[in-house]
Amino acid sequence: MEIRSLRFDGEILHVLDQRRLPFEFIDVPCKTIQDVWEAINKMKIRGAPAIGVAAAYGMYLGIKDSFDDKEVFFKELKDAKKYLDSARPTAVNLKWATSRILNKAKELKERPVNEIKKAILNEAIAMEKEDADRNYKIGEFGSALFKDGDTIMTICNTGALATVAYGTAFSVIRRSFEKYKDVKAIALETRPYLQGARLTALELKEAGIPFHLITDNMSGFIMSKGLVNGIVVGADRIASNGDTANKIGTYTLAVLAMYHKIPFYVAAPISTIDPEIESGAEIPIEERNPDEVTHCGGKRIAPEGIAVYNPAFDVTPNRLIDAIITDKGVLRKPFKESIKKILK
Ligand code: MRU
C-alpha cells in the first residue's frame, strides 16, 4: 500500500487525516485556504516538509478566485501567507514554502493576474515533486553513514507521511535497509502525540523493515545494552549554526547518544535550514494543548486541575550532532561554515 500524505486533484487538496492512523484512512478534502490552515493547525497533516507543500497549495487555494485588480491580488496573496504562517510556529518549511510562492508571484508582477495564478499553482506542483526528489537524495547520502548489521534508532515520524514521499530520517533507514539488507530500526513511541507508535510503526511495517517499538523512556537502557549503532532524526528548523529543533525528546536522545558514544545524525532537506536565525535560542517552540499530556488514547490518565507543560519540540545544540544529512550532501562541523557553503 502506498502511503501518501497529500494529493492535489487540480481543484482540491486531499490530505490523509493522520490523527486517525493507523486504524482509519480518512481523506480530508481541503477546498479553501481555511481548510488547509485547519488541516495543518489540527495536525491532520504534519511533519515539516509535508506542511510546507500543503501550505504552497493553500496559497493557491487562497487566491485562485481573487479579482483581476493587481493591487487587490497582491494584498490577498500577502494576507494568505500571513494566515498560513500562523498555523504552526516551529517548522520553518511552512514559511519557506509561502515565501517561495509569494516571491514567484512578485517575479511575475508585470504579467496578467491569471498568468500569475497559473504560475503559483505550477510552483506548488514543482515543490511537491522536488520534495520527493530531495528526500530520495537524503536517503542516498545518509545510508552511506551506515553498514550491514546496523540498528538505527529514530524518534517521531519522518516518513512519507511527514513529507511528499520517502521521508527524511526515515528515507535514510529505508535506503540503508534496501542497500545492506540486514538493517533494523528502533522506533520511539514519541509521547504525547505518539507519532512513533501510530505512524512510524505503520510505515516501517509497510516497508518490511524489521523493527522494535519502544516507549521513549526505554531509549537510554537500550543504548547502554549496545543495541544501537546510530540515531537519525528529522528536523523542523535548523539554525545557521546547526542547532536543531525537532520533536520533543530529540534533545534527550542526543545527550544519551553522546554519553554512549553513538553517532547522532539529523536528516533534513535544505528548506529546513533557517538562515535568518543565528542559533536555536531564536526558534519559536510550539506549546500544545495540555490534554495531550493528561490524556492517552482519548482517556484521562492524570488527576483534574493540575499544571502541565506541553512543548511540542525541543532544541538540540549543534555540539551534540555528528552530521546533518541534507539533499545536497552530508554536513560536518563546524556547521556554521558547512551550512553557509551549502546555501550559497
Ligand atoms: O509535530 P509534528 O508531528 O509535525 O513533528 C514532526 C517532527 O518533529 C519531524 O521530526 C520533523 O517535522 C521532520 S519530518 C520529515
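Only heavy atoms go into these numbers, but all of them, side chains included; no hydrogens, no water, no symmetry mates. Atoms within a ligand are numbered from 1 in the order they appear, just like the ligands themselves. Remember, it's a predicted structure, so these values are computed and weren't measured experimentally.
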Donor-acceptor list for residues 259-271 side chains, cut-off 3.5 Å, not counting sequence neighbours:
residue, atom, partner, partner atom, Å
H260, ND1, L256, O, 2.9

Which atoms of ligand 1 have any heavy atom of [X] under 4.0 Å away?
| X | result |
| --- | --- |
| C156 | 5 (O), 6 (C), 7 (C), 8 (O) |
| T163 | 15 (C) |
| Q195 | 1 (O), 2 (P), 3 (O) |
| A162 | 14 (S), 15 (C) |

Quick one: are [X] and [Y] in side-chain contact, heavy atoms under 4.5 Å?
| X | Y | result |
| --- | --- | --- |
| L320 | V255 | yes |
| L61 | V36 | yes |
| L6 | E128 | yes |

Could you tell me if [Y] and [X] have a donor-acceptor pair between their side chains, going purely by distance under 3.5 Å?
| X | Y | result |
| --- | --- | --- |
| W37 | T32 | no |
| N241 | E278 | no |
| N246 | T244 | no |

> If you measure from the Lys or Arg side-chain nitrogens to the Asp or Glu carboxylate oxygens, is any gap between K184 and D182 under 4.0 Å?
Replying inline: yes
Quick test: of every protein heavy atom, which one is nearest to [atom], and how far off is it to 0.1 Å?
| atom | result |
| --- | --- |
| atom 5 (O) of ligand 1 | K247 CE, 3.3 Å |
| atom 4 (O) of ligand 1 | R88 NH1, 2.8 Å |
| atom 7 (C) of ligand 1 | D236 OD1, 3.2 Å |
| atom 10 (O) of ligand 1 | N246 OD1, 2.6 Å |

> Can R288 be said to sit on top of Y193's aromatic six-ring, NZ or CZ under 6.0 Å from centre and within 45° of the ring axis?
Replying inline: yes
> Is there a salt bridge (charged side-chain N to carboxylate O under 4.0 Å, His left out) between R237 and D274 once you walk through the steps?
Replying inline: CA-CA 6 Å; R237 197 185 295 220; D274 185 351; 2.7 Å; yes
Mark the output for [X] as yes if a heavy-atom distance to ligand 1 is under 4.0 Å, and as no if none is.
| X | answer |
| --- | --- |
| F313 | yes |
| A91 | no |
| E286 | no |
| A312 | no |
| G167 | no |

Below 3.5 Å, N or O to N or O, backbone or side chain included: is there any such pair between [X] and ligand 1?
| X | value |
| --- | --- |
| T168 | no |
| R46 | yes |
| A48 | yes |

> Nearest heavy atom to atom 13 (C) of ligand 1: which of A235, G47, G249 does it belong to?
Replying inline: A235
>> Are there over 12 heavy-atom neighbours, none belonging to E24, within less than 6.0 Å of that residue's CD?
In response: yes
